[in-house]
Amino acid sequence: MSGGPERNTYGRYLQLDRLLSAQQTSTSSDDELLFIVMHQSHELWFKLAIHELECATKALLAGTSGKDCLMAFKRLSRVSEIERLLIRSWDVLTTLTPDEFFLFRETVGRDGASGFQSVQYRILEFRLGLKYRAMRLQTPDGERSIAVLDQTQTPAERAMIEAALAAPSIYDATVDFIARQGFAGISARRDYAARYERSDAVFAAWRRVYEDRHEQPELYQLGEKLVDLEDAFRRWRFAHLATVSRVIGITPGTGGSLGLQYLQAAANQLIAAPLYPELWEVRDAMFSRARTP
Ligand code: HEM
């Protein structure tokens, strides 16, 4: 059989020549490939997670009846599974010892290159609902504020970040959807680029959904899917933190931060100020109710 240029093959469809030639090591270390593959595979999964979140957000924004949110379930489960897979993948990187990493770290991080500059990671955060324009960075010279847009390297990256910041997050779409299911007093958000603020009306709606879960089981499931999502995102941050502690200890990061201290603050921040505050508050309320005789 002759394979002409138009013939579709496994390798051509997946563009494996491009994909598999994109792992260019900068040193002679035999451990650098692991580092590159770990980051690249993260970026690929980030890409899919962002896509799935966009689809789920769109489905909820267009949905009218309770059943319409079923369309979003599969997407949200997929994102949680991607997060879990990424968390599990840290186990591969933890086989890298500090002395092995040292052999290529200074070279690959020489111009301040760091995961801190991952545009897709910021977009993922924004799509999940963690909106901000600047972040506090603990550096060896003290704490300073860094604008997210200043971290971008090209106009295209800037445009992608700005679009994700201005777009409704999955929680914005959820709250919007719940409001259309007849829960009173939920006001529409005007500025999607601002961090979501907790509301009594949204809390009351979720509380009713959870207390009468047999009445609107779809909404109850939707709440649980979002908790799964935020839980997995929190765990990713802690898994990253644990690996960094194991591989570089308290050494400052190549991105200019104090390293562990910055990542610890970022991980704890999600526990102190959840993305979907009313859903966590409902859990607190359930616990108190369960304890009351
Ligand atoms: C040995 C492996 C790794 C080490 C030692 C490490 C270290 C660090 C450090 C110290 C920071 C803080 C910023 C800085 O000063 O550089 C950081 C941020 C970050 N890293 Fe890693 N990292 C590793 C692997 C990864 C991998 C595989 C990814 C996957 C994409 C990743 C994604 C990120 C992201 C997204 C941030 C920004 C987090 C935020 O701002 O909340 N890192 N990393």
Side-chain angles (χ1 to χ4, degrees), residues 23 27 29 31-50 82-83 85-153 157 161 164 232-273 275:
Q23 293 72 40
T27 67
S29 159
D31 299 301
E32 195 186 334
L33 184 60
L34 160 68
F35 190 75
I36 295 176
V37 169
M38 178 75 182
H39 281 84
Q40 287 185 341
S41 55
H42 259 78
E43 291 293 339
L44 280 176
W45 287 115
F46 284 165
K47 182 170 181 163
L48 182 60
I50 292 165
I82 292 170
E83 291 282 3
L85 182 139
L86 291 177
I87 292 164
R88 175 75 181 80
S89 75
W90 286 105
D91 293 345
V92 184
L93 194 63
T94 51
T95 60
L96 181 71
T97 57
D99 54 335
E100 286 166 348
F101 186 37
F102 182 77
L103 290 180
F104 61 90
R105 182 185 194 234
E106 298 305 314
T107 306
V108 304
R110 65 183 177 276
D111 297 322
S114 160
F116 193 62
Q117 296 167 335
S118 168
V119 170
Q120 288 205 108
Y121 180 75
R122 300 290 165 220
I123 293 175
L124 182 61
E125 287 186 326
F126 293 166
R127 284 292 180 180
L128 286 170
L130 185 59
K131 299 284 185 87
Y132 54 91
R133 290 184 183 278
M135 47 209 161
R136 305 295 305 165
L137 195 68
Q138 289 80 19
T139 76
D141 306 320
E143 196 172 280
R144 65 189 163 100
S145 176
I146 297 216
V148 179
L149 287 175
D150 289 350
Q151 286 298 302
T152 54
Q153 315 294 316
E157 284 187 359
I161 293 260
F233 184 57
R234 286 175 172 186
R235 285 169 195 264
W236 184 90
R237 282 194 168 182
F238 282 107
H240 178 234
L241 175 70
T243 309
V244 172
S245 163
R246 180 172 166 151
V247 178
I248 62 167
I250 56 164
T251 313
T254 49
S257 82
L258 268 178
L260 217 51
Q261 201 170 317
Y262 165 71
L263 294 173
Q264 225 162 352
N268 286 333
Q269 182 218 356
L270 282 183
I271 308 283
L275 297 180

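Because only heavy atoms are used, hydrogens play no part in the values below, and waters and symmetry mates are left out as well, while side chains stay in. For clarity, every value in this text was computed on a predicted model and none was experimentally measured. Start at 1 with the first residue, then count along the sequence. Both ligands and their constituent atoms are indexed starting at 1 by order of listing.
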Distance filter under 4.0 Å to M38 heavy atoms, resulting ligand 1 atoms: 27 (C)
Validation row, ring centre Y121 to ring centre W236 under 6.0 Å: yes
Any N/O pair Y262/ligand 1 closer than 3.5 Å: yes
Nearest non-hydrogen partners of F233 and E83, listed with the distance: CD1-OE2, 3.8 Å
Side-chain heavy atoms of V148 within contact of Y132, under 4.5 Å: yes
Test side-chain hydrogen bond (donor to acceptor under 3.5 Å, both in side chains) applied to E43 and Q120, step by step: CA-CA 7 Å; E43 291 293 339; Q120 288 205 108; 2.9 Å; yes
Element-labelled atoms of ligand 1 that are located less than 4.0 Å from some non-hydrogen atom of S114: 13 (C), 14 (C), 16 (O)
Nearest protein heavy atom with distance in Å, relative to atom 38 (C) of ligand 1: Y121 CE2, 3.9 Å
Atom 25 (C) of ligand 1: the protein heavy-atom neighbour that sits closest, reported with distance to 0.1 Å: H39 NE2, 3.2 Å
Identity and distance of the protein heavy atom lying nearest atom 30 (C) of ligand 1: H42 CB, 3.6 Å
Enumerated ligand 1 atoms positioned under 4.0 Å from heavy atoms of R122: 37 (C), 39 (C), 40 (O)
Within 45° cone and under 6.0 Å: R122 NZ/CZ vs F116 ring: yes
For atom 23 (C) of ligand 1, the protein heavy atom that lies nearest, with its residue and separation: H240 NE2, 3.8 Å
E100 near ligand 1 by a heavy-atom separation under 4.0 Å: no
Contact (N/O only, under 3.5 Å) between E43 and ligand 1: no
T254 (side chain) donor-acceptor with A113 (main chain) under 3.5 angstrom: yes
Audit row: D99, T97, side-chain hydrogen bond (donor to acceptor under 3.5 Å, both in side chains) steps and yes/no: CA-CA 6 Å; D99 54 335; T97 57; 2.6 Å; yes
Numbering as shown, the atoms of ligand 1 that approach G256 to under 4.0 Å (heavy-atom distance): 15 (O)
Heavy-atom pair with the smallest gap, counting every atom of S145 and A134: OG-CB, 3.6 Å
4.0 Å heavy-atom contact, T254 with ligand 1: yes
For G259, atoms of ligand 1 separated by under 4.0 Å from a heavy atom: 10 (C)
Derivation and outcome, salt bridge (Lys or Arg N to Asp or Glu O under 4.0 Å), residues R237 and E125: CA-CA 12 Å; R237 282 194 168 182; E125 287 186 326; 2.5 Å; yes
Under 4.0 Å to a heavy atom of L263 - the qualifying atoms of ligand 1, by number: 9 (C), 11 (C), 12 (C), 17 (C), 18 (C)
Shortest protein contact, atom 6 (C) of ligand 1 (heavy atom only): V244 CG2, 3.4 Å
Shortest non-hydrogen contact from Q23 toward V37: CG-CG2, 4.2 Å
Nearest non-hydrogen partners of L103 and T27, listed with the distance: O-CG2, 4.2 Å
Where S89 and H42 come nearest, the two heavy atoms and their spacing: OG-CE1, 3.7 Å
Protein residue, atom and distance nearest to atom 33 (C) of ligand 1, heavy-atom basis: G115 CA, 3.5 Å
Contact check: W90 vs ligand 1, nitrogen or oxygen atoms, below 3.5 angstrom: no
Shortest non-hydrogen contact between A239 and I87, atoms and distance: CB-CG2, 4.1 Å
Nearest-contact summary for atom 12 (C) of ligand 1 - protein heavy atom, Å: S257 OG, 3.4 Å
Sub-4.0 Å atoms of ligand 1 with respect to non-hydrogen atoms of L93: 1 (C), 2 (C)
Per-residue contact class, Q120 against ligand 1 - non-hydrogen pairs under 4.0 Å: neither
Structural part of F116 in contact with ligand 1, heavy atom criterion under 4.0 angstrom: both
